[in-house]
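Report on the following structure.
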Amino acid sequence: MAKFGDHPTLPQPIEDLLMEQVHTVFLKADCPPRIKQGSIGELKLIEVESDQNWDTLRMEALQEELVELVEDNRHRSDCFLEIDRKGCQVVQLGDLRVSCAWPPFADAREITIVRPVAKLSLGDYELDERLIARLADHHRGVFICGRPGSGKTTLAQAIAEYLDTDIGAMVKTMEAPRDLQLADRITQYAPLEGDLEKTAEIIFLVRPDFVIFDEVRRTRDFEIFADVRLAGVGLLGVTHANSALEAIQRLIGKVELGLVSQVLDTIIHVEAGQIQQVLELRMTVKPPTGMQEELARPVIEVVEFPSGKITHEMFAFGSEIAVVPVDGRASTGVSPLKALARDQLVHMIQQWVGVQCQVQFKGETSATIYAPQNMIPTLIGKGGENVRQLQDELGGMHLSIESFEDMPEGLAAPKRGHWEDVSDRRSRESRAWERQNRGNKSRKGKKNRR
């Protein structure tokens with residue numbers, strides 16, 4: 001397999017661009033070459049002065065030379081043609097991944113060469129011993145998340161080699177393309193016949209203790225991740241997300257809520273090559289924070305590791321999956337659970353009777369719904385049936401229904417829609433006209449008395 005810093009000798013113009021700490025080389029026809037240089041988290045894009053003529057013909061010849069290098073180094077297991085499609089080729093040359101694109105896929109010929117910024121061991125991260133012990137228990141579901149270039153893959157490589165060397169676990173990988181820098185005895189699998197699901201079927205047959213799933217992006221990737229994890233295989237997925245919480249939310253909807261904590265129990269957020277946050281998922285049965293005791297339900301707690309502080313709760317709320325902060329209030333002073341309840345109420349009423357409404361909370365467990373006068377009987381339902389159903393779905397919150405006309409100042413009624421009853425509008429206009437005339441008569445009477 002590929003070794004850090006080891007690759008066949010490339011054409012001299014490319015070798016000249018692969019200077020110290022160069023992570024990526026960007027070549028495009030009729031454009032000056034650019035490089036991305038620096039340490040993890042501090043990469044800078046720099047335009048390089050060059051005497052070379054980077055026209056279309058030169059780029060085409062350069063691509064042919066790189067593909068020929070694969071043939072010349074067929075004896076090396078780290079040199080191969082990974083992808084060959086109309087308008088695109090991806091080549092692995094040692095520790096370098098070379099992506100070539102040309103029309104009609106790209107607007108012009110382009111070659112991008114990527115290499116790892118660093119090769120680190122788990123000891124280089126100076127991790128908390130409790131986190132190392134957690135990772136040593138390789139029967140887990142782990143996500144490493146972060147932005148592109150944040151050091152996710154470097155950490156995944158360090159964990160894989162730690163499990164292989166120090167723990168003695170059988171480690172395999174699923175990658176597209178295969179570019180992790182790992183020990184020779186760690187087998188790296190590509191999509192079998194272009195399908196990672198078929199790769200997963202083979203994974204089960206070779207009985208690994210732990211699998212590295214690089215680049216979990218598409219919906220199908222998350223489903224394959226869940227399938228492999230639920231089969232009892234320890235699994236580490238690398239995915240793009242701006243935070244650990246966003247990585248969890250990417251899994252929601254692709255896996256049933258009751259299975260989320262079985263599929264994924266540890267989320268590691270990496271930024272600038274450093275671990276910024278570690279979250280743990282725990283399944284419990286309890287009432288979500290702010291709800292009454294009798295409304296207990298399955299709740300997934302999002303817990304900071306190793307402090308044990310609960311930051312968010314995930315639970316079924318009506319027909320939606322809610323991810324709610326445990327403490328803190330929105331800028332409006334409304335708690336997250338109340339804001340969620342308000343949005344759910346407005347949405348449900350919109351679905352039921354096609355009208356918009358306004359909601360005001362009167363306390364921790366009560367709220368008033370303001371709706372058009374002509375729709376109030378429909379919302380209440382026969383014998384209060386509809387209101388009771390709403391109250392049950394909102395965790396036992398007491399609800400009362402009033403007209404827009406009774407709405408206090410500070411709350412704005414939704415814009416008039418197709419639901420407005422013409423008789424209601426005429427009645428309001430009539431009352432407004434009566435109040436205006438009554439005021440005029442009063443003023444006229446005072447004037448005559450003078």
Tell me, yes or no, whether the heavy-atom count around [X] atom [atom1], taken from other residues, nucleotides or ligands under 6.0 Å, exceeds 12.
X	atom1	value
Arg218	CZ	no
Phe105	CZ	no
Arg147	CZ	no
Lys254	NZ	yes
Glu256	CD	no
Arg140	CZ	yes

Quick check for you: to the nearest 0.5 Å, what is the distance between [X] atom [atom1] and [Y] atom [atom2]?
X	Y	atom1	atom2	result
Ile202	Leu192	CD1	CG	6.0 Å
Arg229	Leu264	CZ	CG	9.5 Å
Leu131	Ile268	CG	CD1	5.5 Å
Leu235	His139	CG	NE2	13.0 Å
Phe210	Ile212	CZ	CD1	5.0 Å
Glu126	Asp124	CD	CG	8.5 Å

Has the side chain of [X] got a donor or acceptor atom that lies under 3.5 Å from a matching backbone atom of [Y]?
X	Y	result
Asp214	Thr173	no
Glu301	Met283	no
Asp265	Ser261	no
Arg217	His240	no
His269	Asn242	yes

For [X] against [Y], the heavy-atom pair lying closest together:
X	Y	answer
Leu163	Leu135	CD2-O, 3.4 Å
Ala158	Leu122	CB-N, 3.7 Å
His7	Leu93	CB-O, 3.3 Å
Ser403	Ile376	N-CD1, 3.6 Å
Ile224	Phe213	CG2-CE1, 4.0 Å
Val22	Arg115	O-NE, 2.8 Å

Quiz item: Do Gln89 and Asp84 have side-chain N/O donor and acceptor atoms under 3.5 Å apart?
Solution: yes
Practice problem: Scan side-chain atoms only and decide if Thr112 and Ser99 contain a donor-acceptor pair under the 3.5 Å cut-off. | Solution: no
Quiz item: Where do Val302 and Met314 land on the side-chain contact (heavy atoms from CB on, under 4.5 Å) test, with the steps shown first?
Solution: CA-CA 8 Å; Val302 181; Met314 301 166 52; 4.1 Å; yes
Exercise. Please report the C-alpha distance between Asp227 and Arg220 in whole Å, then the side-chain angles of each, then the deciding distance to 0.1 Å, and finally whether the salt bridge (Lys or Arg N to Asp or Glu O under 4.0 Å) criterion is met.
Key: CA-CA 10 Å; Asp227 185 45; Arg220 189 63 188 136; over 6 Å; no
Quiz item: What orientation do Phe143 and Phe225 show, parallel under 30°, tilted 30 to 60°, or perpendicular over 60°?
Solution: tilted
Quiz item: Under 6.0 Å from the six-membered ring centre of Phe305 and within 45° of its axis: does the NZ or CZ of Arg134 meet both?
Solution: yes
Quiz item: salt bridge (Lys or Arg N to Asp or Glu O under 4.0 Å) between Lys198 and Glu201: does it pass, once the steps are laid out?
Solution: CA-CA 5 Å; Lys198 294 180 179 179; Glu201 293 174 359; over 6 Å; no
Exercise. Decide yes or no on side-chain contact (heavy atoms from CB on, under 4.5 Å) for Ile380 and Asn386, but give the supporting numbers first.
Key: CA-CA 5 Å; Ile380 294 175; Asn386 292 345; over 6 Å; no
Quiz item: Between Gln188 and Leu180, is a side-chain contact (heavy atoms from CB on, under 4.5 Å) present by the stated rule, with each step listed?
Solution: CA-CA 8 Å; Gln188 298 174 249; Leu180 290 174; 3.7 Å; yes
